[in-house]
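Accompanying notes for the structure given below.
Just so you know, these numbers come straight off a predicted model, no measurement behind them.
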Amino acid sequence: MSDHEAAWRAAYRHPGSWDVALPPLSMVEFFDRAATTHGTAPLIDFLGRQYSYAETLDGANRVAAGLAALGYRPGDRIGLFLPNVPHYLAAYYGIMKLGATVVNFSPLYTPAELAHQVADSGTRLLFTISATALLPTAIKVLNDSALERLVVGSVAGALPSAKSVLYRWFSRKDIAPKPDDARIIAFSKLIANDGRHTAATIDPEQDVALIQYTGGTTGTPKGAMLTHQNLSANARQVNAIDPQPGLPDRILGALPLFHVFANTCVLNRTVLSGGCIVMLPRFNAAQALGAIGRSKVTAVPGVPTMYQALLDNPALAKTDFSHLRVCISGGAPLPPELKTRFERVTGSTLIEGYGLSESSGVVSANPYEAEGKPGTIGQPIPGTRIALVDKEDPSKPAPEGEPGEIIVAGPQIMKGYWQRPEADAEVFVTDAAGTRWLRTGDVGTIDADGFVKIVDRLKDMIAVGGFKVFPSQIEAVLYSHPAVKEALVIGIPDTYRGEHPRAYVTLNDGATETGEALTAWLNPQLGKHEQVDDVVVRLTMPKTMIGKLSRKDLVAEVLG
């Protein structure tokens, strides 16, 4: 054991052992155990309608049986294009019960983005809901790709009966699928069976439970293959750092479940602990505050912009926070002043953690109750090792006293990227002891107490309110405009969202388009989190010595 590692163990402030036993566990057994143990206890509180563990288990079994009846088998990729609705849980665990692989898709995706990832993953069937924001996109992809079927759920059908009637009468956002299209199946029809299906044989450490799309050092979206053991281990690791793991938690489920942070901290960890998810279809500050007070929420996982929005909402002054014991911030750096203000106003603890899609969600966190260190991402969670390597040569340790690239090892680290062996070769390094480490692309320091601080990033990705934006995708859209000659997109610091994208272009000879006109043309083609605040027209772009566009030099020029 190295002196540094010994110092981590001695100074580790989370409860429990740094070396935690995490035997292989499939997500099917993980969920079945919880559902059997907690039975009639509520797992979901969806706008006032509760679903028990037993009901959700029955729904998952019916999803698995319905998919099997349609001819889907272990190893197939089946997608979720869903907001936070009860259908998500039944489909998520049902797909895994079949032995198939879940593919998470963001409801913010444009048709082109969704179609690309459906094709890349080989997704055969897609779950969505009958809402105008999603169903038309899903139908377009169904018509224009190799996707075989849609399963469409109804938001109205998941609501309490009184709210369901009002929703159907007054909402224009819920639309029915075409009844004459055999490729489109109602969720209610899919689960109209007795739930009996042949149990899949699953190898927890080899079989992929979830493909979570992310971005690598090149900014190209890649599917992180997360095994059953990756997901179940990370839920157990997160549960291990809770100093009061036996308390009946009520978790605010406003963080989108398609996000890997929510997948572990809102969904799987809550299931493991026997808690209840107070679910909102999407984050709305007023609705979230109402749910916190009305449902006596005990924990809120979120991104910094969510906490800022709660503080800015007038309903904050009337909200009862007496049951709220901890809030967990991730997805983007947490400004110390935001942490201080939120804790002062609510009386709860706001801790910062860190993770990646490639790590199933969580790598490190500040302690819940012991003194943490603001401005850091905390200490490695149990069973996780963090080290620093040279920024130029990951086979060497970082020079003593200098920042280095953060590398991580643990049971939550992905199997690899879906059909990207060349990317695996770049992102993994193996040490002399045979330990496989994940390169994070982030540069940081580790103090004597094992607290990690990120000081820079190697990646070009832009963190917008907890979401990752890939500059290359926005640039590709810009290059499709006949006036654009060169394009670069960079992240601009934003006190509310962390960063926002801004585009810089040069124009072809004779072109006269303005930045305002290009912005108006560009943004409708992007997801909301990708939209730029400005397209800046320049005469020249910074370039490297061999003539390549230099994002690094542009950032230095713009941000000083």
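In this structure, the side chains of Val278 and Ile251 stay at 4.5 Å or more apart for every pair of heavy atoms. Side chains of Pro256 and Phe467 form a contact here, defined as non-hydrogen atoms less than 4.5 Å apart. By the 4.5 Å heavy-atom criterion applied to side chains, Met225 and Met414 are not counted as neighbours. Between Leu80 and Phe105 there is no side-chain heavy-atom pair separated by less than 4.5 Å. Looking at Val362 and Ile381, their side chains come closer than 4.5 Å, going by heavy atoms from C-beta outward. Counting heavy atoms from C-beta on, the side chains of Leu22 and Gln237 come closer than 4.5 Å. The side-chain heavy atoms of Cys327 and Phe342, taken from C-beta on, include a pair separated by under 4.5 Å. Using a 4.5 Å heavy-atom threshold, the side chains of Leu316 and Leu289 count as touching.
Looking at Gln412 and Thr384, their side chains do bring a donor and an acceptor atom within 3.5 Å of each other. The closest side-chain donor-acceptor pair between Tyr354 and Asp442 falls under 3.5 angstrom.
Between Arg502 and Asp533 there is a salt bridge, since a side-chain N of the basic residue sits under 4.0 Å from a carboxylate O of the acidic one. Salt bridge annotation for Asp249-Arg269: present, with a cationic side-chain nitrogen under 4.0 angstrom from a carboxylate oxygen.
Here the side chain of Asn366 pairs no donor or acceptor atom with the backbone of Gln379 at under 3.5 angstrom. Under a 3.5 Å cut-off, the side chain of Glu352 and the backbone N or O of Leu334 do form a donor-acceptor pair. Judged by distance alone, with hydrogens and angles left aside, the side-chain atoms of Ser295 form no donor-acceptor pair with the main-chain N or O of Ile292 at under 3.5 Å. In this structure, the side chain of Arg551 engages the main chain of Val489 through a donor-acceptor pair within 3.5 Å. In this structure, the side chain of Thr264 engages the main chain of Ser360 through a donor-acceptor pair within 3.5 Å. Under a 3.5 Å cut-off, the side chain of Glu530 and the backbone N or O of Gly527 do form a donor-acceptor pair. No side-chain donor-acceptor contact under 3.5 Å links Thr305 to the backbone of Arg497. One N or O on the side chain of Asp447 and one on the backbone of Phe451 form a donor-acceptor pair closer than 3.5 Å. For the pair Asn230 (side chain) and Ser359 (backbone), a donor-acceptor distance under 3.5 Å is absent. Checked by atom type and distance alone, the side chain of Thr214 never pairs as donor or acceptor with a backbone atom of Lys222 at under 3.5 Å.
The nearest pair of heavy atoms linking Pro136 to Ala131 is CD-O, 3.7 Å. For the residue pair Ile129 and Pro83, the shortest heavy atom distance occurs at CD1-CG, 3.5 Å. The shortest heavy-atom contact between Ala254 and Met306 is CB-CE, 4.1 Å. Contact between Val297 and Ala291 at its shortest, heavy atoms only, is CG2-O, 3.6 Å. Closest of all the heavy-atom pairs between Ile328 and Tyr307 is O-OH, 2.8 Å. Between Ile44 and Met279, the shortest heavy-atom distance links the atoms CG2-CE, 4.0 Å.
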Determine, step by step, whether Arg236 and Ser232 satisfy the side chain to side chain donor-acceptor pair (under 3.5 Å) criterion, reporting the C-alpha distance in whole Å, the side-chain angles of both residues, the deciding distance to 0.1 Å, and the verdict.
CA-CA 6 Å; Arg236 287 175 281 172; Ser232 67; 2.9 Å; yes

Salt bridge (Lys or Arg N to Asp or Glu O under 4.0 Å) assessment of Asp45 paired with Arg294
CA-CA 11 Å; Asp45 182 337; Arg294 180 180 63 255; over 6 Å; no

Do Tyr92 and Asn263 pass the side chain to side chain donor-acceptor pair (under 3.5 Å) test, and can you show the C-alpha distance, the side-chain angles, and the key distance before you say yes or no?
CA-CA 10 Å; Tyr92 178 85; Asn263 203 264; 2.8 Å; yes

Worked verdict on Ile492 versus Leu559 for side-chain contact (heavy atoms from CB on, under 4.5 Å)
CA-CA 8 Å; Ile492 302 297; Leu559 302 181; 4.1 Å; yes

Tyr93 and Asn268: CA distance, side-chain angles, deciding distance, side chain to side chain donor-acceptor pair (under 3.5 Å) verdict:
CA-CA 10 Å; Tyr93 291 115; Asn268 291 328; 2.8 Å; yes

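Every pair passing side chain to side chain donor-acceptor pair (under 3.5 Å) that includes a residue from residues 326-346 is listed here, sequence neighbours excluded: Lys339-Glu343, Thr346-Ser348.
For the atom pair CZ (Phe81) and CG (Leu108), the distance works out to 8.5 Å, reported to the nearest 0.5 Å. In this structure, Leu338 CG and Leu311 CG are separated by 6.0 Å, a value rounded to the nearest 0.5 Å. Atoms CG and CG, on Leu134 and Leu82 in that order, are 7.5 Å from each other to the nearest 0.5 Å. We find the OG-CD1 distance between Ser364 and Ile377 to be 3.5 Å, quoted to the nearest 0.5 Å. Note that CG of Leu126 and CG of Leu114 are 6.0 Å apart. Values are rounded to the nearest 0.5 Å. From Thr56, atom OG1 reaches atom CG of Leu43 across 4.5 Å, with rounding to the nearest 0.5 Å.
Within 6.0 Å of NZ in Lys415 there are more than 12 heavy atoms belonging to other residues, nucleotides or ligands.
Checking each of Gln117, His259, Gln212 against Asn104 for a side-chain hydrogen bond (donor to acceptor under 3.5 Å, both in side chains) leaves exactly one that passes, namely Gln212. Each of Val208, Thr227, Leu210, Ile95 was checked for a side chain to side chain contact (heavy atoms under 4.5 Å, CB included) with Thr101, and the lone residue meeting it is Val208.
With sequence neighbours left out, the side chain to side chain donor-acceptor pair (under 3.5 Å) criterion links Thr110 to Glu113.
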